[in-house]
Amino acid sequence: MPAPSPPEGSSAPVAVVLLQLGGPSSLDEVQPFLENMFRDPELFNLPIPARAQDWLAEHAAKWRAKRARPLYASIGGRSPIGDITARQAHLLERELNDSMRSRVFVAMRYGKPSTEAAVEKVLAANCRSVTLLPLYPQYSTATTGSSVREWQRCAARKELDLPTATIDSYPSHPAYISAVSERVSAALARLPAKSDPHVLFSAHGLPQKLVRQGDPYQSQIEETVQEVARECALQAPYTLCYQSRIGPQRWLKPSLTETLRRLGRSGCQAVLVVPISFVSDHLETLSEINVEAREQAMSLGIRHFETATGLNDSPAFIQALAELVLATADGS
């Protein structure tokens with residue numbers, strides 16, 4: 001059925017929908033989560049029929065899950081991204097309601113709560129408009145683009161017809177930059193004095209062909225890194241690198257592992273890794289960086305290894321999200 005008409009005036013809330021990747025909430029969900037991800041043609045755009053991609057996704061997920069399950073087990077048997085995003089939604093709703101009546105919902109692209117479930121909640125809340133707010137600060141067709149199009153498909157199926165605004169990206173938003181800079185400064189302070197660290201800004205990887213096709217992700221990541229370095233008045237040398245490569249395609253370089261090898265060969269004694277494209281701690285930060293990269297660094301003779309905490313429920317980050325929503329609501 002079509003959505004009921006919202007009450008007249010400004011008493012009806014604005015729906016703010018946090019778009020996020022998602023993650024398995026149990027070890028049993030690891031393989032289904034991976035299948036959903038591998039089936040996304042905007043992330044894995046292969047020149048094969050849809051039926052063949054479904055078959056490939058199922059078998060690739062089964063193979064990948066064998067390696068992924070022990071990693072998830074090592075961080076508690078589930079991804080924390082669901083709990084963190086729910087906390088972000090709660091804090092953002094509280095912040096926004098000081099200025100305008102709002103309801104904040106979560107739509108996970110591959111996990112739970114699903115995008116379809118989020119559409120149903122917006123329908124039930126009788127909202128007057130929708131603002132889509134990706135928890136991907138830098139735009140990519142494989143993340144923000146895919147999540148927005150999934151929202152559009154689900155909204156059409158459920159006959160949700162409300163004015164909808166989308167915040168595409170915010171790679172240099174001042175409050176977002178401040179939030180990241182706070183995490184960087186706190187992590188640097190945990191390293192020994194005069195350890196002369198090298199800072200590695202580690203972003204999630206992306207197939208190179210997407211960048212060649214005009215995807216702005218790489219340039220926006222570079223923009224964020226430059227702004228954070230400026231905000232922190234960073235004196236240490238720093239490098240942008242990429243992690244979490246999946247599949248046989250050519251991905252953005254240099255990789256985190258390649259960069260650590262180069263630093264180890266050069267005699268570097270201290271490294272700080274900053275997860276720059278992630279707004280929540282999850283498998284890539286808690287395991288891939290804090291365990292695997294740490295072990296690699298130690299084996300290369302890098303004596304001091306520190307990581308910056310994810311933004312999570314950082315007050316500065318919640319303020320950034322609120323400012324983005326309010327600016328959109330004001331039409332600015």
Revision key, fill the gap. Test side-chain hydrogen bond (donor to acceptor under 3.5 Å, both in side chains), reference Tyr136, set Ser147, Ser277, Ser169, output is Ser147

Study note, to complete from the structure: Test side-chain hydrogen bond (donor to acceptor under 3.5 Å, both in side chains), reference Tyr110, set Thr115, Asn36, Asp40, output is Asp40

Under a 4.0 Å threshold between the charged nitrogen and the carboxylate oxygen, would [Y] count as salt-bridged to [X]?
X      : Y      : answer
Arg67  : Glu292 : yes
Glu258 : Arg262 : no
Glu35  : Lys62  : no

Point to revise | Nearest heavy-atom neighbours spanning Pro197 and Ala236 | key: O-CB, 3.3 Å

If Ile, Leu, Val, Met, Phe, Trp and Tyr residues are connected whenever their side-chain heavy atoms lie under 4.5 Å apart, and connections chain through other members, are [X] and [Y] in the same group?
X      : Y      : answer
Ile75  : Val273 : no
Ile289 : Leu206 : no
Leu71  : Phe278 : no

Point to revise | Check: Val17 and Val122 side chains under 4.5 Å, non-hydrogen atoms | key: yes

For [Y], is there any backbone N or O sitting under 3.5 Å from a side-chain donor or acceptor partner on [X]?
X      : Y      : answer
Arg183 : Leu311 : yes
Thr259 : Thr257 : no
Glu93  : Val104 : yes
Arg294 : Phe305 : yes
Thr224 : Pro171 : yes
Glu306 : Leu191 : no
Glu223 : Ser219 : no
His90  : Gln88  : no
Ser287 : Glu284 : no
Ser299 : Gln296 : yes

Exercise for review: Assess whether salt bridge (Lys or Arg N to Asp or Glu O under 4.0 Å) is satisfied between Lys112 and Glu29, documenting all intermediate values.
Suggested key: CA-CA 10 Å; Lys112 298 177 182 179; Glu29 288 187 10; 3.6 Å; yes

Exercise for review: Would you confirm whether the ring centroid of Tyr139 sits within less than 6.0 angstrom of the ring centroid of Tyr217?
Suggested key: no

Check your understanding: Roughly how far, to the nearest 0.5 Å, is CD of Glu295 from CG of Leu260?
Key -> 12.5 Å

Exercise for review: Starting at CG of Leu286, measure out to CG of Asp281 and round the result to the nearest 0.5 Å.
Suggested key: 5.0 Å

Check your understanding: Taking it one step at a time, do Lys209 and Asp215 satisfy salt bridge (Lys or Arg N to Asp or Glu O under 4.0 Å)?
Key -> CA-CA 9 Å; Lys209 73 174 184 179; Asp215 194 296; over 6 Å; no

Practice item. Verify the neighbour count for atom CZ of Arg303: are there more than 12 heavy atoms of other residues, nucleotides or ligands below 6.0 Å? Key: no

Check your understanding: Parallel under 30°, tilted from 30 to 60°, perpendicular over 60°: which one fits the rings of Phe317 and Tyr170?
Key -> tilted

Exercise for review: Using the side chain to side chain contact (heavy atoms under 4.5 Å, CB included) rule, pick out the option among Leu188, Val271, Leu240 that qualifies with Val199.
Suggested key: Leu188

Exercise for review: Tell me yes or no: between the side chains of Glu288 and Ser244, is some donor less than 3.5 Å from an acceptor?
Suggested key: yes

Review point. If we ignore angles and hydrogens, is there a donor and acceptor under 3.5 Å between the side chains of Gln226 and Glu222?
Key: no

